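Chain A is the first sequence line, chain B the second, and so forth, proteins listed ahead of strands; every chain is numbered from 1. Not measured: the values here are computed from a predicted model.
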Amino acid sequence: MAYEAVTNTGETLAVAETHGWNSVISDWSADKQTFGVPWGKAMMWIFLLSDIFIFSCFLIGYMSVRIATTEPWPDTSEVFAMTIAGQHIPLLLIAIMTFILISSSGTMAMAVNFGYRRDKKKTAALMLATAAFGAAFVGMQAFEWTKLIVEEGVRPWGNPMGAPQFGSSFFMITGFHGAHVTAGVIYLLVVAKRVITGFYDRKGSYETVEITGLYWHFVDLVWVFIFALFYLW
Amino acid sequence: MAYVAIADQVQELHDPTTFIRKYIWSQDHKVIAIQYGITATAVGLLALVLSGLMRLQLGFPDTFSFIDPVNYYQFITMHGMIMVIYLLTALFLGGFGNYLIPLQLGARDMVFPYMNMLSYWIYLLAVLVLVASFFIPGGPTGAGWTLYPPQAILPGTPGADGGILLMLVSLIIFIVAFTMGGLNYVTTVLQARTRGMTLMRMPLTVWGIFTATDLGLLAFPALLVSGVMMTLDRVLGTSFFMPAVVSMGEQLDYAGGSPVLFQHLFWFFGHPEVYIVALPAFGIVSDLLSTHARKNIFGYRMMVWAIVAIGGLSFVVWAHHMYVSGMNPYFGFFFATTTLIIAIPTAIKVYNWTLTLWRGNIHLRVPMLFAIGFIFTFVHGGLTGLFLGNVIVDIPLSDTYFVVGHFHMVMGVAPLMVVFGAIYHWYPKMTGKMFNETLGKIHFWVTFLGTYFIYLPMHYLGFLGVPRRYFALGNTEFLPDSVQSLNASITVSALIVGSVQLIFLYNLISSLFKGKPAGPNPWGATTLEWQTPDTPPTHGNWGPALPGCYRWAYDYSVPGAEWDFLPQNFPPEGATIDSDGIVRSTDGTPA
Ligand code: HEM
Ligand SMILES: [Cu+2]
């Protein structure tokens, strides 16, 4: 990665072009900054690393109580099935939710792209679409919670279908993830508003859009793991 | 894309003007550091008082009617948790990390000062929530600092009503605060160094704090998750950690949870936590030894890799705290092996410290005394750690006073030695005043020798089988009578050591007013914080231009050099060092 840096005494430092492992080495042995990215982006990556550990602990904790508990685990494809027009379809709602969330990653990626092209309108529109997908996801999750609580009688401390840890883990993990999605929606709305008002044009960089995108993709990716480990197992 | 490093961009500095902006609601890393330091010290004093009360009970049982078993358990829990988390973690990372990272790297501040400020206020909230538990009905939790379920949340354990909840909530708040600060420290180290400051030129202090912060960002998640799960168990009646329990003749509503899962999560955090406290101490002590021995640190690269290796390995040893938990014995074999492997980089560090002193021009000033004291106490605690790391030796010793002696030596006294040394070392920079040397030396000798009088006998008590976390020994016939007299003498030493800390505080406060002006670089140290144009450094640290960095931090007694130290901003083309220890270019302007 070759770049030029202007020092505060005014000299221009040319940093040599390097490839492969050499570029890793030259990044790490550089002065001033290890990665050629803005501070906010570096910080978001580190935060996400920490957040990965949080979600891993939740999921590992859930898996280990699932193994430890003495009562049978409810059959998730039955619990999360829906009957529509007399048809009994397992995991229907979750499939739709997953589809929505993954689509929102697509619109987010496009928003980042248009951001770098300084296309204010399209960037903002795509971010709002992403936020709308996110809000739809949270809404459907609220619907799913209500259905479980009201119709199936699932409570954090017990349920009629089997091991009490089923409800405990379900509410804890999807709740924690849902909180992440909700935070992401708010984050998207704030950044989208700034895109519209031209804040990033004045700042000269649309990097914040990309940073928001990092967070959003991460939340999606985590959902894939929750989907696989909670609903499909 | 042409990319101008942010350290090079012209920065606008909004100098705060009002008192509140400057000293209270401040975004300046130095003010935040001092706020962290004062809060941590205050709550640490509380923990010290609690330990004194415990010692009174142990040394002179049946004498103090105001200490009953319930209080004792509450004291022990609050003492342990405060010392480990709210004092040492907060002081090393929030205090020294905040103060030293930007200064030693030649930066103007942390990368996100506003978030840094929030980190302190949230930490203060965590402390207040914790202390509030003393004032609620039932008092603070008495579950032990490890908070093991099922007992932690069952009736019968002190503070099972509200105390445990406040403890868990306070920990969760603390983790939020730590994360905000920690992200700042790591990003600042990675992305905001001055020109010439490569990673391999950073002082070891920064390496230690940086690695410890990384550990914190990856280990606190486990504590967060176990805290959330335990809160749910307590509040909503879930059974993550709770098996079916009959408590006081009643079958409780819990069933099917796994108490051992909590232990795994807790120690996945808990062991790295030991190194969160130890690695900054390792880093700082290296700099103190090198500066006051006027010699370069022996094996700088090895020291860096040892810090990183210890940090990495600390994530794969956690179950050595669980040999007696009933987990699969093959696990014990694995974890004993990894534990002993950590001893290798650790031993390398100890050798290198010793070799740094070897033939050095040792100035036995107060910071140096504490640094050398650290080597002793750390080696001592480390050696007993080797005993406890082996399953077969640990089984009879675990939950005895041998363990209490071990962990106090290795993660209580040793890091505190560095805390004291570091405060004395940087006090002149932080205040512009010199502390009183004589009082400092009294503080050192009483503390250093006193801790040996306190903790050495504890190892022996452990061999005899004196159990840990006991309010009183009662009719334990296998224990000789000498146990009681030893306990009394430990208590007397502890009270002396505790009260001598008042001299330390007196010294710090009175020197603020009466201390001699220290000058910008009283120790003749090489790192950049000693080169600031003002002492104490003002907002923005460096005046108009950032210092450059041309060398590592250990150019002491360089052969052929005119001065016995060359600061990191001493340019290759030469310059002069004035009598204050500040580098000037040959025409007299600041370098
Ligand atoms: C003069 C200083 C100190 C004294 C006299 C002291 C005394 C004690 C005593 C009497 C106990 C209870 C042991 C038992 O009954 O089993 C204890 C426990 C403990 N102390 Fe200290 N201590 C001191 C400093 C520290 C420091 C600096 C740390 C920081 C790491 C620390 C960490 C702990 C921990 C983690 C426990 C275990 C708590 C538990 O079992 O839940 N102590 N200390
Ligand atoms: Cu450990």
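When heavy atoms are compared at a cutoff of 4.5 Å, B:Asn184 approaches chain A by way of both its backbone and its side chain. Heavy-atom distances place no part of B:Phe241 under 4.5 Å from chain A, backbone and side chain included. Only the side chain of B:Leu261 comes within less than 4.5 Å of a heavy atom of chain A; its backbone N, CA, C and O stay farther away. If you measure heavy-atom distances from B:Leu232 to chain A, the contacts under 4.5 Å come from the side chain alone. Heavy atoms closer than 4.5 Å to chain A are found in the backbone of B:Met197, but not in its side chain. Looking at B:Leu217, both its backbone and its side chain come within 4.5 Å of chain A, counting heavy atoms on both sides. Only the backbone of B:Ala255 comes within contact range of chain A, judged by heavy atoms closer than 4.5 Å. With a threshold of 4.5 angstrom between heavy atoms, A:Ser56 does not approach chain B through any atom at all. For B:Tyr254, no part lies under 4.5 angstrom from a heavy atom of chain A. The part of B:Val228 that comes within reach of chain A is its side chain, from C-beta onward, which places non-hydrogen atoms under 4.5 angstrom from that chain. There is no contact between B:Met180 and chain A, counting heavy-atom distances below 4.5 Å. Only the side chain of B:Leu224 comes within less than 4.5 Å of a heavy atom in chain A; its backbone stays farther off.
Your options are A:Val65, A:Thr70, A:Ile52, and the one with the most heavy-atom pairs under 4.5 Å with chain B is A:Val65. No other option in B:Gly196, B:Ala222, B:Gly237 has as many heavy-atom pairs under 4.5 Å with chain A as B:Gly196. Chain A forms more heavy-atom pairs under 4.5 Å with one residue of B:Val260, B:Leu236, B:Asp253 than with any other, namely B:Leu236.
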Candidate pair B:Arg193 and A:Thr34, rule side-chain contact (heavy atoms from CB on, under 4.5 Å), full reasoning
CA-CA 9 Å; B:Arg193 285 162 277 133; A:Thr34 306; 2.6 Å; yes
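Across all their heavy atoms, A:Tyr231 and A:Thr76 have their closest contact at O-OG1, 3.0 Å. Closest of all the heavy-atom pairs between A:Gly178 and A:Val138 is O-CG2, 4.4 Å. A:Pro164 approaches A:Ser168 most closely through the heavy-atom pair O-OG, 2.9 Å. Considering every non-hydrogen atom in both B:Ser247 and B:Leu252, the closest pair reads CB-CD1, 3.6 Å.
Here A:Phe58 and A:Phe53 keep their ring centres 6.0 angstrom or further from each other.
Remark: B:Arg301 is not positioned above the aromatic ring of B:Trp552, lacking an NZ or CZ atom under 6.0 angstrom from the ring centre and at most 45 degrees off the axis.
Among B:Ile101, B:Ile276, B:Asn98, the single residue meeting the side chain to side chain contact (heavy atoms under 4.5 Å, CB included) criterion with B:Leu93 is B:Ile276.
When side chains are defined from C-beta on, B:Leu265 counts as touching B:Met229, because their heavy atoms get closer than 4.5 Å.
A distance of 10.0 Å separates CD1 of A:Ile226 from CG of A:Leu221, quoted to the nearest 0.5 Å.
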